[in-house]
Structure formats: C-alpha cells, structure tokens
Amino acid sequence: MSHKKIELEECSPTGFRNLGEDYINAFVTFIDILGFKKIIENDPPDLINKKLDAMAAFSRQPQRRLPGYAHESALPIVIQFSDSIIRIQPDTDSDELDIASHFIGELASLLLMQGNLACNGILIRGGLTYGKVCVRSGRIFGPAFNRAYALESSLARYPRILIDEFLAQNSDRNPIVSKIGLTTWQQIYSDIFEYLYRSEDGQWTIDYLTQMYFAEGPEDTSGKDVLVAHRDSIKKLLKNSINASSDEPKAKIRWAANYHNRIVSRKFSKLSDEFDRNRDSLIIDLDTYA
C-alpha cells in the first residue's frame, strides 16, 4: 500500500508554516526571559506556565500598521522553546508592505510586547536583525537566526531588545536603504527613530516605555497609569533581588530602573514634578534597594 506524503502547513501565527526549501528575507528577533533559572527555582509550575503563556501571547501579535498585515502571508511566525521566543516577520514583495513598513511595524509590535511584560514583572532581552532564514515545520536556521541569537546572548545582557547596527545606517549596507533608496529613507528616518534610543554603551535599543505612554490602550488606562505600573513593577523586582546570592540579577534590574528614571526625567519631567508635589515620586530611588 502506498502512503501519501503529508506536508505540515502553518494555519495560524502559532502553528506550522512552510516557507519553502530556500532562504527567505525576514526580520528575525530572538528573545528570552531574564532570570528564568531563578524563576524555575522559586516559582511553582503553574505560575511559570502563566509567565510563558503571557510571553507567547504578546509575541504573536501581528503588525497593525496596514490592513494588508491581516493576510496570512504577512503574519509573524513564532517558535517557542522553554523561555525563548523566535519571532520571524517575512518581508513580502508587495508594494503596500514594503520593507520599511515591516521594520516600523515590527518595532511597534516588539515594544508593546516588552512594555506589557515589564509592567507585569517579566523582564526580557532580545536582538532584532534582518536577513536570510529558512523556516519549515517549526524549524528555523540561517544567518539571520544566528545573528539574532548573538545579539541577545552576547550583546543585550540587560532587559532590552537591541537593533542590529546596520538597520540604523544611512548606507546601502542597510537593506532598507538599498531597497527604498536614500531619499525615501531620509523622509521616514524620524518615524523609525521615535522607537529607538542609544544605550549608554552605544547600542540601538527599543524605547518601549515612551511609546507605551503614548499608545492607545484600554479606556480606563492612561499613559500616567503605564508609568506608575512600570515603576511599581521594577520596584517590586528590586525588592525581591536584595537578598539574591549573585550581583548579576541585581545589576540587570537596576539597569531597568535606570532606564525608567532616564526616560521619566528626560521626557516626562512635568509629570514627574506633579508626582513629587504629591509626595509620590515617579523616579525609583535606587539607594533604597542597595
């Protein structure tokens, strides 16, 4: 009896989807949860699963900049193993969905993921790049996957999502510039860099807190509520890290606190002054958690 060969097809952003035998161009992000080893040591399995489910749910959000992103071919592919997420956003050749729109849409999706998780006590780090990958039946490999993993594992270190340096360059080394031209790139440059900032070590990093403040949320949630939730979440993590046996977890959480303080001081100083007058500072006093 002959048996028909069955190919697995991805029918949703979280299922299996074959994108052919060859490499495709895509934005690839590798993300994991900071301190997951400690989480496993301290939390029961049901709570760990809730955190992993939340991470997976936020990572599956499609880009929402254009109506065409609702089409299945434009949906992100998400692969999860343990606390690691690989998000692949294929770059289509459609005129409506050009590479620049994909890039901006991917930044927006990632910052919403990171911001929502941070406000709920889950800090992540990652790396976003662009290049060639092969995606087939839940399997991924290729130069862009290797690079995204290197950004996350070797360079990110702190709770931040790094953007590969070439994606911010005004040259043909940037695939966006080479595809849309320098003139068009310069016209949209400011739109892209609204999502980014330079970290103290010179790395381009997603500025999720600023964008979360201005993002449309539930009617009963304001930008002020987002800043307060982020502050309180980081303070709780700092408090829980005081008795940590290693200094590394403390350093990473303190980095998140410094990021919070830097953004509040630079971009929301009037709001911060209002909180100070009410004796409820938006700034995190790191000396309290030394």
Side-chain angles (χ1 to χ4, degrees), residues 29-45 47-52 54-55 58-59 82-85 110-111 113-128 148-163 196-213 226-268 272 275-276 280-290:
T29 311
F30 193 101
I31 299 168
D32 73 7
I33 296 177
L34 279 177
F36 191 63
K37 180 180 178 181
K38 203 68 179 176
I39 290 174
I40 289 179
E41 292 175 356
N42 295 332
D43 292 350
L47 182 55
I48 296 172
N49 273 309
K50 286 181 181 179
K51 292 180 178 180
L52 294 177
M55 184 180 179
F58 283 119
S59 69
S82 187
D83 67 316
S84 296
I85 289 282
L110 290 171
L111 74 86
M113 172 190 180
Q114 187 177 18
N116 276 288
L117 290 173
C119 288
N120 286 279
I122 303 173
L123 299 181
I124 61 173
R125 71 180 177 197
L128 166 65
Y149 175 72
L151 286 170
E152 183 277 330
S153 61
S154 300
L155 292 176
R157 189 183 176 192
Y158 301 111
R160 56 183 179 170
I161 298 177
L162 298 186
I163 310 303
L196 306 177
Y197 78 101
R198 281 278 195 189
S199 290
E200 61 281 353
D201 59 354
Q203 299 289 343
W204 284 112
T205 304
I206 290 180
D207 178 13
Y208 67 86
L209 189 56
T210 300
Q211 297 302 319
M212 285 285 289
Y213 178 87
V226 171
L227 295 181
V228 170
H230 190 262
R231 177 201 65 186
D232 292 347
S233 177
I234 301 300
K235 287 172 69 173
K236 183 177 180 180
L237 290 170
L238 283 167
K239 182 179 179 181
N240 291 340
S241 72
I242 289 177
N243 296 321
S245 57
S246 169
D247 288 334
E248 188 173 1
K250 297 177 187 177
K252 293 173 179 177
I253 299 170
R254 289 177 73 87
W255 186 95
N258 280 318
Y259 162 68
H260 172 95
N261 289 346
R262 184 164 56 247
I263 296 302
V264 169
S265 298
R266 290 180 182 177
K267 301 188 177 182
F268 306 109
S272 181
F275 271 74
D276 287 340
D280 181 24
S281 179
L282 268 180
I283 298 295
I284 300 171
D285 183 4
L286 285 167
D287 291 338
T288 304
Y289 305 97

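- For the pair L110/L128, a side-chain contact is recorded, criterion being any heavy-atom separation below 4.5 Å from C-beta on.
- Nearest heavy atoms, I40 versus I48: CA-CD1, 3.8 Å.
- Taking 4.5 Å as the limit, every side-chain heavy atom of K252 sits out of range of all side-chain heavy atoms of L123.
- Residues L196 and T205 have side chains not in contact (no heavy-atom distance under 4.5 Å, counting atoms from C-beta outward).
- With contacts defined as side-chain heavy-atom distances shorter than 4.5 Å, the pair I284/Y289 qualifies.
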List the steps, then state whether side chain to side chain contact (heavy atoms under 4.5 Å, CB included) holds for Q114 with I161. CA-CA 8 Å; Q114 187 177 18; I161 298 177; 3.8 Å; yes

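- Salt-bridge formation is not detected for the pair D285/K235: no Lys NZ or Arg NE/NH1/NH2 atom is positioned less than 4.0 Å from an Asp or Glu carboxylate oxygen.
- Remark: R125 pairs with D32, E152 by the salt bridge (charged side-chain N to carboxylate O under 4.0 Å, His left out) rule, at least two apart or across chains.
- Annotation: side chain of L151 is not in contact with side chain of F30 (no heavy-atom distance under 4.5 Å).
- Across every non-hydrogen atom of L209 and Y259, the tightest pair is N-OH, 2.8 Å.
- With contacts defined as side-chain heavy-atom distances shorter than 4.5 Å, the pair L238/L286 qualifies.
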Could you walk me through whether D43 and K51 satisfy the salt bridge (charged side-chain N to carboxylate O under 4.0 Å, His left out) test, starting with their C-alpha distance in whole Å, then the side-chain angles of each, then the deciding distance to 0.1 Å, before giving a yes or no? CA-CA 10 Å; D43 292 350; K51 292 180 178 180; 2.8 Å; yes

Side chain to side chain contact (heavy atoms under 4.5 Å, CB included) assessment of Y213 paired with L227: CA-CA 7 Å; Y213 178 87; L227 295 181; 3.7 Å; yes

Go through the steps for D207 and K267 under the test salt bridge (charged side-chain N to carboxylate O under 4.0 Å, His left out), then give the verdict. CA-CA 12 Å; D207 178 13; K267 301 188 177 182; 3.0 Å; yes

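- Counting all heavy atoms, side chain and backbone alike, W255 lies closest to P159 at CZ3-O, 3.4 Å.
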List the steps and the verdict of side chain to side chain contact (heavy atoms under 4.5 Å, CB included) for K236 and K239. CA-CA 5 Å; K236 183 177 180 180; K239 182 179 179 181; 5.7 Å; no

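- Just one residue in the list I263, V264, N258 forms a side chain to side chain contact (heavy atoms under 4.5 Å, CB included) with H260, and that residue is V264.
- Note that CE of M113 is 5.0 Å distant from OG of S59, once rounded to the nearest 0.5 Å.
- Of all heavy-atom pairs between A256 and I234, the closest is CB-CD1, 3.8 Å.
- Aromatic ring centres of Y208 and H230 lie closer together than 6.0 Å.
- Enclosure of atom OH in Y197 by more than 12 non-hydrogen atoms of other residues, nucleotides or ligands within 6.0 angstrom is indicated.
- Remark: side-chain polar atoms of S153 are paired, donor with acceptor, to backbone N or O of Y149 under 3.5 angstrom.
- Of all non-hydrogen atoms in L237 and G121, the two that sit nearest each other are CD2-O, 3.8 Å.
- Within the 4.5 Å cutoff, the side chain of S272 has heavy atoms near those of the I283 side chain.
- With a 4.5 Å cut-off on side-chain heavy atoms, F268 and L282 do not count as touching.
- Between S199 and R160, the side chains place a donor N or O and an acceptor N or O closer than 3.5 Å (distance only, hydrogens not considered).
- Residues G126 and A156 share a closest heavy-atom pair of O-CB, 3.8 Å.
- Taking CG from D83 and CD1 from I39, the interatomic distance works out to 8.0 Å, rounded to the nearest 0.5 Å.
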Between F36 and L52, is the side chain to side chain contact (heavy atoms under 4.5 Å, CB included) condition met? List the steps. CA-CA 10 Å; F36 191 63; L52 294 177; 3.9 Å; yes

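- Salt-bridge formation is detected for the pair R231/D280: a Lys NZ or Arg NE/NH1/NH2 atom is positioned less than 4.0 Å from an Asp or Glu carboxylate oxygen.
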